[in-house]
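Single-structure report; data block below.
A note on names: the letters A, B, ... follow the listed sequences, proteins ahead of strands, and every chain is numbered from 1. This is a predicted model, so every value here is computed, not measured.
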2 protein chains.
Amino acid sequence: MRKIIDIQKKLLPDLLQVLETRYDILHRIHLEGTVGRRTLAASLNMTERVLRSELELLRAQGLLDTATSGMTLSASGRQLVEEMEPIVKELFGLSDLEEEVRRAFGLKRVIVVPGDSDESDHVKLELGRAGGRVLRDSLSSGDVVAVMGGSTMAHMARHFSIPSQMKENWFVPARGGLGESVDYQANTIASELAKRAGARYRMLHVPDHLSEEAYQTIMQEPNVGEVVDMIRSARIVVHGIGDAVTMARRRKLTEETRDELVKDGALAEAFGYYFDRQGKVVHRMATVGLRLEDIEAAEHVIGIAGGASKGEAIAAVMRFGHDDVLVTDEAAAREALRHI
Amino acid sequence: MRKIIDIQKKLLPDLLQVLETRYDILHRIHLEGTVGRRTLAASLNMTERVLRSELELLRAQGLLDTATSGMTLSASGRQLVEEMEPIVKELFGLSDLEEEVRRAFGLKRVIVVPGDSDESDHVKLELGRAGGRVLRDSLSSGDVVAVMGGSTMAHMARHFSIPSQMKENWFVPARGGLGESVDYQANTIASELAKRAGARYRMLHVPDHLSEEAYQTIMQEPNVGEVVDMIRSARIVVHGIGDAVTMARRRKLTEETRDELVKDGALAEAFGYYFDRQGKVVHRMATVGLRLEDIEAAEHVIGIAGGASKGEAIAAVMRFGHDDVLVTDEAAAREALRHI
DNA sequence: AATCCGTTGGACAAAAAATGTCCCAGTACT
DNA sequence: AGTACTGGGACATTTTTTGTCCAACGGATT
């Protein structure tokens with residue numbers, strides 16, 4: 001059953017939303033027995049007119065009877081509501097979860113896709129696509145978008161699409177090359193996103209570990225300086241979330257640094273910073289790019305990560321408290337909630 | 001699976017229509033391999049712009065790839081089309097049947113609801129409702145609608161609903177009282193429909209069997225004459241279809257007349273006329289009202305009848321050839337097709 | 001090499017639909 | 001009799017959809 005809906009959802013992305021509102025309407029009428037349009041609108045948080053259109057449809061379907069004293073479910077309406085109850089529970093289980101996560105971490109918006117990225121590549125893909133949708137919705141003309149690297153981000157980029165081109169937008173890597181495979185580098189991802197959005201992009205080719213002197217020198221480069229300025233003005237930041245130890249290894253930190261990280265309780269990594277359980281920054285990458293204050297200034301900070309194994313890391317980064325939107329999967333969401 | 005689809009049909013009739021067009025688009029692209037927007041629009045009978053909006057959505061969903069040489073299904077698009085096949089069949093299986101019936105009898109439009117009215121009252125109800133929808137769609141301001149009696153028509157009337165009132169319309173019985181129970185009389189049905197449509201109605205109270213003399217006298221009555229004129233100018237005619245013998249008995253024809261009917265091969269009855277297998281009129285009711293030429297002149301002649309037992313009668317009346325729209329159920333439709 | 005056909009995407013006015021708001025004439029209780 | 005509901009009508013305004021053209025491009029054919 002879930003499958004049918006998933007299939008249909010590809011063709012009718014707002015299927016579930018419409019289904020949910022209509023069910024809510026019927027359900028509420030079912031509870032009230034007989035109720036008027038305005039009362040109903042108030043209790044469902046809908047404007048009168050919108051509700052009215054829906055009611056007209058439901059009536060045309062013979063699910064509602066309307067009398068001068070208000071509206072009542074018809075026999076088939078009652079039957080429908082009863083049959084739907086278990087289905088609704090199954091279908092909208094995740095939106096409850098989304099709401100729970102949203103509250104727990106004080107976020108603006110949470111998207112949870114079903115499944116576990118650790119288990120299935122298909123879920124990873126959906127996660128990427130869901131991230132893409134969120135990014136698309138947040139995007140306004142002229143925005144600068146700073147993106148991080150990582151495999152989830154790469155998935156997102158690969159399946160990003162947008163209805164109309166956004167020529168006035170810029171995509172930039174949030175940080176210099178972080179020594180990962182090319183496919184997963186922020187530079188690559190920024191450029192792929194830009195191509196798919198019909199937007200422009202800049203790259204930032206800066207080695208990972210820089211001495212203070214080299215850093216000063218390279219920032220003098222007009223090419224680099226410009227890009228860094230742009231990065232720091234980003235209105236949207238999109239980033240993955242990683243496990244601290246894994247990321248440290250992937251970025252080839254020295255063994256001493258890694259030990260130090262562990263000693264400091266580093267648990268999670270995001271946009272080049274390492275966080276402990278409480279969401280406190282315990283370490284930062286020595287490279288050019290987005291600083292913490294830029295993240296605070298950005299209007300849309302979107303975190304994307306999934307898989308039960310990342311649940312704790314996600315919780316840590318969310319506690320840091322500067323994310324606005326979290327896109328994750330069911331397994332990670334539940335795991336993150338376990339870590340309060 | 002069956003269940004959720006039935007629920008969706010009730011709750012999301014508008015979305016399912018969208019689903020169908022989107023599926024059609026994908027399906028067609030699947031067949032063509034790679035095809036351009038204009039070609040596609042032509043073969044799908046859609047205007048270019050509408051198609052384009054759909055294509056944009058499908059691409060955003062990652063189902064389509066577009067190249068400069070045209071559009072192709074992506075891997076997930078292909079998968080979707082394949083997975084949807086059974087679902088589409090469930091959802092729209094009857095539309096194939098509708099098309100088949102439409103062609104077989106040269107009609108403008110055919111609606112088939114699932115099930116068999118002989119078996120289940122629920123199907124009768126759906127049939128009535130479907131008839132109501134058709135009538136509603138055909139209705140323009142100012143139209144005169146002539147309706148016949150019968151239980152199916154009564155069902156339709158009872159569940160008729162219309163988004164906005166039609167004050168300029170008239171509902172009239174197509175014929176005088178046909179000696180059935182009040183609930184099923186054309187008069188009753190016309191008045192109920194009119195009330196539900198917010199329209200006006202006239203009744204025609206004329207006994208069934210009239211001598212020529214009495215006929216002339218009664219037609220002099222201004223009240224009667226006016227209504228008859230109105231009936232004869234009807235732009236829309238809605239009628240049930242009955243089995244000849246059953247109808248003859250219900251209308252209390254004399255035994256001799258009934259024998260004569262059988263001798264003449266009368267099989268079906270509709271709007272007071274009896275038809276044989278070939279759709280030829282073999283007898284007519286002796287009462288005031290709609291004549292054959294009025295039916296020919298009417299722009300929308302809508303026949304409503306269901307149940308396997310009526311299949312043959314439906315086929316006979318459709319062969320008569322003056323109906324435009326047929327509303328029936330699955331069992332009757334299949335049965336009617338068996339009688340070519 | 002030039003031309004032609006079919007492709008996608010951009011642009012924009014016109015038309016249609018959805019929406020927010022009020023109001024009216026009822027009716028069922030108190 | 002009065003109050004507090006009801007559904008449905010009306011309508012300006014906003015938003016979305018739709019029809020139409022056109023530009024730029026790519027690949028085949030001449």
[X] has an atom [atom1]; how far is it from atom [atom2] of [N], in whole Å?
X	N	atom1	atom2	answer
B/D14	D/dT16	CG	C1'	16 Å
B/L51	D/dT18	CG	P	11 Å
B/N45	D/dG19	CG	P	13 Å
B/R196	D/dG7	CZ	C1'	14 Å
B/E56	C/dT7	CD	P	17 Å
B/R59	C/dT7	CZ	C1'	12 Å
B/E54	C/dG9	CD	P	16 Å
B/L40	C/dT7	CG	C1'	13 Å

**Fill in**
Residues B/M148 and B/I189: closest non-hydrogen pair is O-CD1, 3.8 Å
**Prompt:** Looking at A/D324 and A/E299, what are the two nearest heavy atoms and their distance?
**Reply:** OD2-O, 3.0 Å
**Item:** Donor on one side chain, acceptor on other, B/R59 and B/T66, under 3.5 Å
**Value:** no
**Message:** Can you confirm whether the side chains of B/R49 and B/S53 place a donor and an acceptor under 3.5 Å from each other?
**Reply:** yes
**Asked** Going 5' to 3' along nucleotides 13-30 of chain C, which nucleotides have protein heavy atoms under 4.0 Å from the base (write B), which only from the sugar-phosphate (write S), and which from neither (write -)?
**Response** ------BBBBB---SS--
**Message:** How long is the straight-line distance from CZ of A/F171 back to CG of A/D143, given to the nearest 0.5 Å?
**Reply:** 9.0 Å
**Lys/Arg N to Asp/Glu carboxylate O, B/K9 vs B/E90, below 4.0 Å** = no
**Message:** Less than 4.0 angstrom between a side-chain N/O of B/T66 and OP1 or OP2 of C/dT7, yes or no?
**Reply:** no
